[in-house]
Amino acid sequence: MIAIGCDHGGFNLKCAIMKKLDEMGENYKDFGTYSADSCDYPDIAKKACAAIISGECEKGILICGTGIGMSMAANKIHGIRAAHVTDTFSARVTKEHNDANVICLGERITGVEVALECVEAYLKAEFLGGRHKIRIDKLED
Ligand code: RB5
């Protein structure tokens with residue numbers, strides 16, 4: 001299960017990503033926001049990340065205007081490794097090397113087609129473990 005969430009700045013991109021997830025046959029849970037009305041991205045990040053920490057969801061996709069606020073909010077939560085991505089290489093490698101359990105995208109920064117390719121690259125990637133496991137363990141010290 002994928003946790004997905006956005007603020008008003010990421011609402012349109014979230015809708016496009018959910019359509020893509022439907023096409024890919026991926027299960028997801030939408031933690032809001034549910035309209036383009038103004039809201040606060042930390043509130044959404046906290047709800048989506050709580051579902052990851054509890055085990056209800058395995059990974060998350062968070063969207064705001066830049067992707068930066070969501071990544072800051074998500075990375076405050078112990079056990080969350082959120083990567084702000086704007087390209088497909090980073091989207092793939094952050095899973096392979098960092099075992100990112102959240103990616104963050106910016107609707108006002110990244111075009112919709114690139115953002116959708118980032119989502120696909122992230123979801124198809126596998127954590128490589130080994131030396132990378134030693135390194136991510138040090139993040140939790
Ligand atoms: C909202 O205007 C905007 O600040 C927010 O979506 C995000 O870009 C914050 O990082």
Side-chain angles (χ1 to χ4, degrees), residues 1-129 131-141:
M1 180 75 75
I2 299 164
I4 189 163
C6 68
D7 73 354
H8 54 288
F11 181 69
N12 293 316
L13 180 55
K14 187 184 73 173
C15 292
I17 291 172
M18 290 193 298
K19 185 165 174 280
K20 167 88 174 177
L21 295 176
D22 288 335
E23 289 165 4
M24 291 175 74
E26 296 279 358
N27 292 320
Y28 58 86
K29 182 168 178 179
D30 181 7
F31 288 87
T33 187
Y34 304 109
S35 78
D37 294 343
S38 183
C39 69
D40 300 330
Y41 57 83
D43 297 337
I44 306 295
K46 285 175 187 172
K47 286 180 196 166
C49 291
I52 295 168
I53 296 300
S54 74
E56 180 187 4
C57 296
E58 294 158 28
K59 57 185 77 168
I61 301 169
L62 294 173
I63 311 109
C64 62
T66 59
I68 296 170
M70 282 293 194
S71 63
M72 287 180 170
N75 277 317
K76 290 277 184 190
I77 298 164
H78 190 76
I80 295 294
R81 293 177 302 282
H84 176 216
V85 301
T86 57
D87 65 276
T88 57
F89 179 83
S90 299
R92 173 173 62 83
V93 174
T94 199
K95 180 62 186 173
E96 292 178 347
H97 288 201
N98 314 123
D99 199 19
N101 49 13
V102 174
I103 58 166
C104 302
L105 294 156
E107 178 180 321
R108 298 172 186 161
I109 305 298
T110 305
V112 63
E113 296 301 332
V114 173
L116 295 177
E117 288 192 15
C118 286
V119 167
E120 187 166 359
Y122 170 67
L123 294 179
K124 286 184 174 171
E126 301 276 351
F127 179 48
L128 297 177
R131 67 186 186 280
H132 303 295
K133 174 79 168 76
I134 294 166
R135 293 165 185 164
I136 67 165
D137 285 347
K138 291 187 177 186
L139 292 173
E140 306 296 332
D141 285 350

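Numbering of ligands and ligand atoms starts at 1, following listing order.
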- Task: Give, for atom CZ of Arg81 and atom CD of Glu140, the distance between the pair rounded to the nearest 0.5 Å.
- Result: 6.0 Å
- Note on the structure: At under 4.0 Å between heavy atoms, what of Arg108 touches ligand 1? The answer is side chain
- Message: Does only the side chain of Met72 get under 4.0 Å from ligand 1, or the backbone, or both, or neither? Count heavy atoms.
- Response: neither
Close side-chain approach of [X] to [Y], heavy-atom, < 4.5 Å:
| X | Y | answer |
| --- | --- | --- |
| Asn98 | Leu139 | no |
| Ile17 | Tyr28 | no |
| Lys14 | Asp30 | yes |
| Ile44 | Met70 | yes |

Interfacing atoms of ligand 1 (cut-off 4.0 Å, heavy-atom, [X]):
| X | answer |
| --- | --- |
| Gly65 | 5 (C), 6 (O), 7 (C), 8 (O) |
| Asp7 | 1 (C), 5 (C), 6 (O) |
| Cys64 | 6 (O), 7 (C), 8 (O), 9 (C), 10 (O) |

Could you identify the single nearest non-hydrogen protein atom to [atom] and state the distance to 0.1 Å?
| atom | answer |
| --- | --- |
| atom 1 (C) of ligand 1 | His8 NE2, 3.5 Å |
| atom 8 (O) of ligand 1 | Thr66 N, 3.0 Å |
| atom 9 (C) of ligand 1 | Tyr41 CE2, 3.5 Å |
| atom 10 (O) of ligand 1 | Gly69 N, 2.9 Å |

- Message: Closer than 4.0 Å and a protein heavy atom, does any atom meet both conditions relative to atom 4 (O) of ligand 1?
- Response: no
- Name of the residue among Thr88, Asp87, Thr94 meeting side-chain hydrogen bond (donor to acceptor under 3.5 Å, both in side chains) with Ser90: Asp87
- Over all heavy atoms of both residues, which pair between Ala82 and Cys104 is shortest? Give the atoms and the distance, please. CB-SG, 4.2 Å
